[in-house]
2 protein chains.
Amino acid sequence: MLSFTEENYLKALVQLTIFEEGVTEVGVNRLAEYLGVKPATVSDMVRKLKKKALVNYERYGKISLTEEGRFLGMMVIRRHRLWETFLQQKLDFSWDEVHELAEDLEHIHSKKLINRLDAFLDHPEFDPHGDAIPNREGEILIPFRRTLNDGESGKRYKIIAVKDNSSEFLKYLDKLGIAINDEATIINKESFDELITIRFNGKERVLSPKVTDYLFVICASCLKAKKCDC
Amino acid sequence: MLSFTEENYLKALVQLTIFEEGVTEVGVNRLAEYLGVKPATVSDMVRKLKKKALVNYERYGKISLTEEGRFLGMMVIRRHRLWETFLQQKLDFSWDEVHELAEDLEHIHSKKLINRLDAFLDHPEFDPHGDAIPNREGEILIPFRRTLNDGESGKRYKIIAVKDNSSEFLKYLDKLGIAINDEATIINKESFDELITIRFNGKERVLSPKVTDYLFVICASCLKAKKCDC
DNA sequence: GAATTTTGTTAGGCTAATCTAACTTTATAT
DNA sequence: ATATAAAGTTAGATTAGCCTAACAAAATTC
Ligand SMILES: [Mn+2]
Ligand SMILES: [Mn+2]
Ligand SMILES: [Mn+2]
Ligand SMILES: [Mn+2]
């Protein structure tokens, strides 16, 4: 059985080497920074995870997940996102509150519990932040995700997920009236300061890159494909 | 903030000094036995809890809870019993499965979460084992509880709670067809081997003291009083 | 009231997860 | 191709929670 801490290392590795576009391995320093610990600590832990066959790693080399490590990391994320969905849908928490609570709940291990929870929620596909929920095999839909900042003027986009789950960011979106599944048209793109003006639900808003860089979108014409290369 | 372990010590102390009839303090050995650790370990931990003003204790003396310690211990039990109720009512777990899972869930700290859960469940009074759920002030109904083994032949009793939450015991009750809130009449009490025969719901069962000692009852004539001295 | 048993404490050690400080290896830039 | 910078490792310390073994105090028994 994995400890709390070991699970958090695996989860971090999934985030950094699978969800991060085009990266399949990370260094000790990057992982340490991500987890908020010192490189020395990661150095030790990674040796331990290697002994358990959860990561690939050689002295002074890069770290990547093994099949088993990837699966276990995905399970942590599955639990996290299912609990977030439960908290929002059944206990009426707002989307900026659920992440914190799920950080603890994700470490409750029972397989049966999490599958019952999944059924109770009617097998949700996405969590409150628009992130896909891995299935019980650890498989997940990882779409090519572009941000609103990459969008073109005049085109229409659907907001499918947020890249930042922090309470501050999510509350700001609430204030702007922006929510997952909203469709917005870019009516202006200022190249000087990267300000983007969008129109949606009859409203008009000016957004800075601090927002547009953290909103994942799909262009309206690719909606069915759940993938957008155009 | 209390650790997992500290919370388990406080919970154990509530069980031993508040729920156990007529006991207000315990020794190091008893607590160690209850928690499944060595006395030396308890000796250390109790000094730590005293420094945090959660227990009253002097070297070579008995251990009891302070006001604060009692409250925090009660909160652990409140969370435990609310989660048990959730698991049974919403996720369809059976009463012999919920205790194990609640052992982990009880350590999730958010006050808001537990109060939302309470509301979601419609403020239940009792958990799946018939145990009263402490309210948010840490208050609890502690009825005078007698077991079926103390009952008299010919009288009618309602089964209100079980004293043992183990899966084995609860499954045996399922097999006998005995459930919380059943009403049964004692039709025979054998003084030689303490076997008790009851009739309930048209069935008749012979019970050993291993069962009758672990079923809390109230006599049918005192049902409204929720307390039974007769 | 002394001997024995029970109960509780202390000293010293272990493991997991963290740190700091000193060091080594690898990468980058002249 | 060196020098410098960046990345990674190691040694030694700390804290929480546990252990065993030796000891001390308190309670019981004779
Ligand atoms: Mn989250
Ligand atoms: Mn999420
Ligand atoms: Mn229980
Ligand atoms: Mn219970």
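Naming: A, B, ... by sequence-line order, numbering from 1 per chain.
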Next item on the list: Please name all residues satisfying side chain to side chain contact (heavy atoms under 4.5 Å, CB included) with A:Glu7, sequence neighbours left out, ordered by chain then number.
Entry: A:Leu2, A:Val76, A:Arg79, A:His107, A:His109
Next item on the list: With sequence neighbours left out, write down each residue that passes ring-ring contact (aromatic ring centres under 6.0 Å, His included) with A:Phe86, or none if nothing qualifies.
Entry: A:Trp83, B:Phe86
Notebook entry, point to check: Which part of the nucleic acid, if any, lies within contact of A:Phe4, taking any heavy atom under 4.0 Å across all strands shown: a base, the sugar-phosphate backbone alone, or nothing?
Noted result: nothing
Distances for protein N or O near nucleotides 2-4 of chain C N or O, under 3.5 Å:
none

Notebook entry, point to check: Which nucleotide sits closest to the side chain of A:Asn29: D:dG8, C:dT7, C:dT9?
Noted result: D:dG8
Item checked: A:Lys38: salt bridge (charged side-chain N to carboxylate O under 4.0 Å, His left out) partners, not counting sequence neighbours -> none
Checklist line | Nearest to side-chain heavy atoms of A:Ser43, which nucleotide of D:dC18, C:dT18, D:dG8 | finding: D:dG8
Item checked: Partners meeting ring-ring contact (aromatic ring centres under 6.0 Å, His included) with A:Phe216 (sequence neighbours left out) -> none
Notebook entry, point to check: D:dT15 C1' sits how many Å from B:Arg47 CZ, rounded?
Noted result: 15 Å
Notebook entry, point to check: side chain to side chain contact (heavy atoms under 4.5 Å, CB included) with B:Ala40: which residues, sequence neighbours excluded?
Noted result: none
Margin query: Does the protein touch nucleotides 20-28 of chain D at the base, only the backbone, or not at all? Give it as B, S and - per nucleotide, heavy atoms under 4.0 Å.
Written below: B----S---
Note to self: Applying side chain to side chain contact (heavy atoms under 4.5 Å, CB included), can you list everything that pairs with B:Asp122, at least two apart in sequence or on another chain?
What the structure shows: none
Item checked: Partner set under side chain to side chain contact (heavy atoms under 4.5 Å, CB included) for B:Tyr34, not counting sequence neighbours -> B:Ala12, B:Gln15, B:Leu16, B:Arg30
